[in-house]
There are 2 protein chains.
Amino acid sequence: MNMEKEVTIYDIAELLQLSAATVSRALNDHPAINIKTRQKVNAKALELGYRSNTFASNLRKKTTQTLGVIVPRLNSHFMSSVLAGMEVVANKAGYHMLISQSLESFQNEKSNVRTMFNNRVDGLLVSLAYDTETYDHFAGFVKKKVPLLFFDRVTDYLGCPGIVIDNIKAGQEATEHLIQQGCVRILHVTGNLLRNVYADRLAGYRQALRKAGIEVREELVVVNDLSAEAGVDLAQAIMHMEHRPDGVFVSSDVCAVNCMKTLQGAGYQLPEDIAFVGFNNDHVSEIIEPKLTTIDYPGKQMGELAVSTMINHLKGIQAIDSTSSITMHTRLIVRASSQRAKS
Amino acid sequence: MNMEKEVTIYDIAELLQLSAATVSRALNDHPAINIKTRQKVNAKALELGYRSNTFASNLRKKTTQTLGVIVPRLNSHFMSSVLAGMEVVANKAGYHMLISQSLESFQNEKSNVRTMFNNRVDGLLVSLAYDTETYDHFAGFVKKKVPLLFFDRVTDYLGCPGIVIDNIKAGQEATEHLIQQGCVRILHVTGNLLRNVYADRLAGYRQALRKAGIEVREELVVVNDLSAEAGVDLAQAIMHMEHRPDGVFVSSDVCAVNCMKTLQGAGYQLPEDIAFVGFNNDHVSEIIEPKLTTIDYPGKQMGELAVSTMINHLKGIQAIDSTSSITMHTRLIVRASSQRAKS
DNA sequence: TTTCAAAATGCAACCGATTGCAAAGAGAAA
DNA sequence: TTTCTCTTTGCAATCGGTTGCATTTTGAAA
């Protein structure tokens, strides 16, 4: 008596002296069902508080109307923009989203992928964890031909399409900007080079230096986890450098900003002593003084594009394999942190 | 030939000359199954690339091992901490999380709740949208006795437990701190008063004023959406006030910080002209200069507590109804934005 | 060798919606 | 009234695990 019995289509069928088949069709607005019957069924369903059993339905239909999303973390301005964009497009198309975080760990990513696989998401959208080196955990999706799409942190290891920005170009622009401001000893701080985003920005950085005839020095490339704490450590490291850089290009605003604060606390003048360029156009870039020059990253649009690409594929409008990768535009936003008095 | 056939327990059973029941039990490590049989089954499953069909399983078991989470937005430091905390605890207990955002809209919240209901999550964790006024959309959960738990932005309308901080106390402490710093005309900026968090902080603010014998003036309470943009507008409003406040207590760091920036841009000295206190201990509070005094908000712990409370209930360890609400500690962090030269 | 409890496995019903095909009903034309 | 064509509705199998209960197997004690 405590346990409320679930209402099923059979209950409705019985009460209305119909077959379950008819009820099922009526609830799904099947055209073969008489309009009056349909109305009667819907009314009864409402009255009884009927809820469709997604499992029974999915089991039979073999489709879930669900997209899986695996991201490293939810805590950046960029990532939450991406997800907001995704949610809007997905819902509009009648899809749900199953979001999970790898928390930057390969192990979690693996287990999340497994879950998504068992839950039979209709498609999977992934931005890779920090330390993912192998891609076997995606093999199931490839084998079963469940569409798989990477965004931001991609891999072409699996031949799956990816949605990215042109990190090489962005890195190059950021570096060139510093060079134009008169910097000659530019430190580049970035994340794990396994990830395309960081490797490419580094490539862009190098390219810009070469183009300007500046020697590329390995000791001027620092890899860390781009966290706020890493920014503080970075500042310490800079202060202890024999030859201090006159410009710093950091692959993350949050890291850059914390580094700047620490340096300022130690008496450095920014951008006079050191010019800074960040990445992402995070909120903080406009809070720090001097405001941080950065690369604007179209998070919301990336999310929208990722989901609409996926859905078009699922609907058969456009095969996903036809595109190997989509590149989005970025833009350098120049602010005070990098503008030095020209001399 | 293109279509890879799904492998089922029946396939495994046939190949191994066992019954499906045995295979099922073996895959679930049922103790009644001989260890050697279990190993054989697992090996075969691996070999064939078998994946459990969650739907069939859920359909039969009537449990999903999934917790639904509905949050207004993912984009605050606080919220992502909450979710990170939740994810860890949930995964450890073998639960998945279905996360969705209401994007602060009642309509979205309603539709998300419906989805969670149809997907038969084992429990639902909610932080209410900005403008939710009615709670009928949760009626299904209450009726079917699916545990429902609110966190941060709660309601006791439904008699469901909530996990909160003591917003009254926090609001009072923040205000008292400003009073101690010599402020006598304190502006309080907060969100929709439908939400407990904002209503309570306001109550705390009033209480502190009264206690200090300062008149409570309605024109010194501003309600906005606490966004970055709202912060800029707020600054404009302050500059146009006839009697400018000498202290501002904002219910969100992000909003406070943008307000501060704008005021500074207009030549105000902070904290000398106006002292600021924010809320949440967001990253930006340490980036702004002067650093923002704020209330530390235990996001991660709140997430952990919410999920562990839920799971204990689901496991029958502790009925959720026994607790009507759990209150967590907060802490005022005093930084430069509110510290005025004592005179 | 017989006996019997414990361990291991199998049988078969069940969860609830979907859908191809068959059948019944309705209405119009002959 | 009969015939025939659309409309509607129903039958019954199916999706793939799970589980109470029955049955078989195992191994040790009698």
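Residue numbering restarts at 1 for every chain, and letters A, B, ... go by the order of the sequence lines.
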Under-3.5 Å N/O pairs linking protein and nucleotides 23-26 of chain D:
none

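- Note on B:Leu18: only backbone sugar-phosphate atoms sit closer than 4.0 angstrom, heavy atoms only; bases stay farther off.
- Taking all atoms of both residues into account, the shortest heavy-atom contact from B:Ile311 to B:Ala90 is CD1-CA, 4.2 Å.
- Distance NE2/B:His137 to CZ/B:Arg114: 12.5 Å, rounded to 0.5 Å.
- Heavy atoms of B:Arg51 sit under 4.0 angstrom from primed sugar atoms or phosphate atoms, though from no base atom.
- Within 4.0 Å (heavy atoms only), B:Asn58 reaches no atom of the nucleic acid at all.
- Nearest-nucleotide positions on DNA chain C place B:Thr22 closer to the 5' end than the other of B:Thr22 and A:Val7.
- When the P atom of C:dC15 is taken as reference, atom NZ of B:Lys62 falls 7 Å away, rounded to whole Å.
- A 6.0 Å sphere centred on OH of B:Tyr135 holds more than 12 heavy atoms belonging to other residues, nucleotides or ligands.
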Look for any protein N or O under 3.5 Å of an N or O in nucleotides 11-14 of chain C and output each such pair with its distance, or none.
from   : atom 1 : to      : atom 2 : distance (Å)
C:dC14 : O2     : B:Arg60 : NH1    : 2.9

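- Within the 4.0 Å cut-off from OP1 or OP2 of C:dT18, at least one side-chain nitrogen or oxygen of A:Ser24 is found.
- Atom CD of B:Glu133 sits in a sparse spot, with 12 or fewer heavy atoms from other residues, nucleotides or ligands closer than 6.0 Å.
- An OP1 or OP2 oxygen of D:dG17 is reached within less than 4.0 angstrom by no side-chain nitrogen or oxygen of B:Asn53.
- Ion pairing of A:Glu304 with A:Lys92 is absent here, as no side-chain N (NZ or NE/NH1/NH2) approaches a carboxylate O to less than 4.0 Å.
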